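Since the structure comes first, as structure tokens, the remarks are kept for the end.
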Amino acid sequence: MSTPNKTQNCLVPYVDLETAPPEVAAAITHLPYRRNIFHLLGHSHGSFPRLMGVYANFFDGNRRILPLLDWQLVVLRISAVLDAEYEWDVNAPVARINGMPEEKFEALKRTAGKGVEALAKEAIFTERDRAILQLVDEQLATYNNTEETVEKAKKLLTVEELVEVYVVLGVYVLIARITKGLRIDLDGEIPGLEEHLKKVVTGK
């Protein structure tokens, strides 16, 4: 398991596994490598293990309703719009090894905060991508959606997929808020990460 950075920028200390409640320590040590986000969220002793259960569902193709790259489209859009560097750094490898083209990564950043007109100009985005991104962009800007935006999404997503977009939004906006607000340290290079992700992120 990798060790934390020697110079810490985070505004609060990371969880000490030796003094953390057993349920919290078990949820963290279950991973084969260190992720600072879990050592930060672990301070919320009661909610952290339950939140990890929700988080793990997104990795499991048998439980996640959204297609893998739709899930990552939402997460990376949140990261781009909110300038959440840590969240982008953690999730971009998941999207990349599962086939998201570099052009789409660039378009997600290029069009962040630019509105529906900018989305329409990007040929790399499918009609479904644009519907999802418009839903996400409106939520991030206003905490609401127009009925027109929802109706557009309903033509391209099932009701279950649509609702899961909102669940993904809630979880990953939380992660963006805490990583930015508390100035989390980037994890740095993790040896063997790509091979591990290929095993634990399932489904299409």
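Everything numeric here is computed off the predicted structure, so don't read it as measured data.
Counting all heavy atoms, side chain and backbone alike, Arg96 lies closest to Phe105 at N-CZ, 3.7 Å. For Ala153 against Ala131, the heavy-atom pair with the smallest separation is CA-CB, 4.2 Å. When all heavy atoms of Val201 and Trp71 are compared, the pair lying nearest together is CG1-CZ3, 3.8 Å. Considering all non-hydrogen atoms of both residues, Asn62 and Asp60 come closest at N-OD1, 2.8 Å. Closest approach of Glu194 to Ile97, counting heavy atoms only: CG-CG2, 3.5 Å. Of all heavy-atom pairs spanning Leu76 and Trp88, the tightest one is O-CZ3, 3.4 Å.
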* **Worked verdict on Glu23 versus Arg50 for salt bridge (charged side-chain N to carboxylate O under 4.0 Å, His left out)** => CA-CA 10 Å; Glu23 191 177 18; Arg50 283 86 199 162; 3.3 Å; yes
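Using a 4.0 Å cut-off between charged side-chain N and carboxylate O, Glu127 and Arg130 make no salt bridge. Using a 4.0 Å cut-off between a side-chain N of Lys or Arg and a carboxylate O of Asp or Glu, Glu161 and Arg128 qualify as a salt bridge. Using a cutoff of 4.0 Å between basic side-chain nitrogens and carboxylate oxygens, Lys121 and Glu117 are not scored as salt-bridged. A salt bridge does not link Arg110 with Glu103: every distance from a Lys NZ or Arg NE/NH1/NH2 to an Asp or Glu carboxylate oxygen is 4.0 Å or more.
Side chain of Tyr86 to backbone of Ile37: a donor-acceptor contact under 3.5 angstrom is found.
Annotation: the span from Glu85 atom CD to Leu186 atom CG amounts to 4.5 Å, rounded to 0.5 Å. Interatomic distance, OG1 of Thr179 versus CG of Leu40, reported as 8.5 Å (0.5 Å rounding). The distance from atom CG of Leu135 to atom OG1 of Thr146, rounded to the nearest 0.5 Å, is 9.0 Å. Here Ile78 contributes atom CD1 and Asp137 contributes atom CG; the two are 10.0 Å apart, rounded to the nearest 0.5 Å.
Applying the ring-ring contact (aromatic ring centres under 6.0 Å, His included) test to Phe38 and every residue at least two apart in sequence or in another chain returns Tyr55. Listed by chain and residue number, Arg77 satisfy the side-chain hydrogen bond (donor to acceptor under 3.5 Å, both in side chains) test with Thr111 (two or more places apart in sequence, or in another chain).
Asn145 pairs in a side-chain hydrogen bond (donor to acceptor under 3.5 Å, both in side chains) with only one of the listed residues (Lys152, Glu151, Gln139), which is Gln139. Of the residues Asp187, Asp185, Asp89, the one that meets the salt bridge (charged side-chain N to carboxylate O under 4.0 Å, His left out) test with Arg35 is Asp187.
Criterion: ILVMFWY side-chain heavy atoms under 4.5 Å apart, direct or through other members. Under it, Ile65 and Tyr166 are not part of a common hydrophobic cluster.
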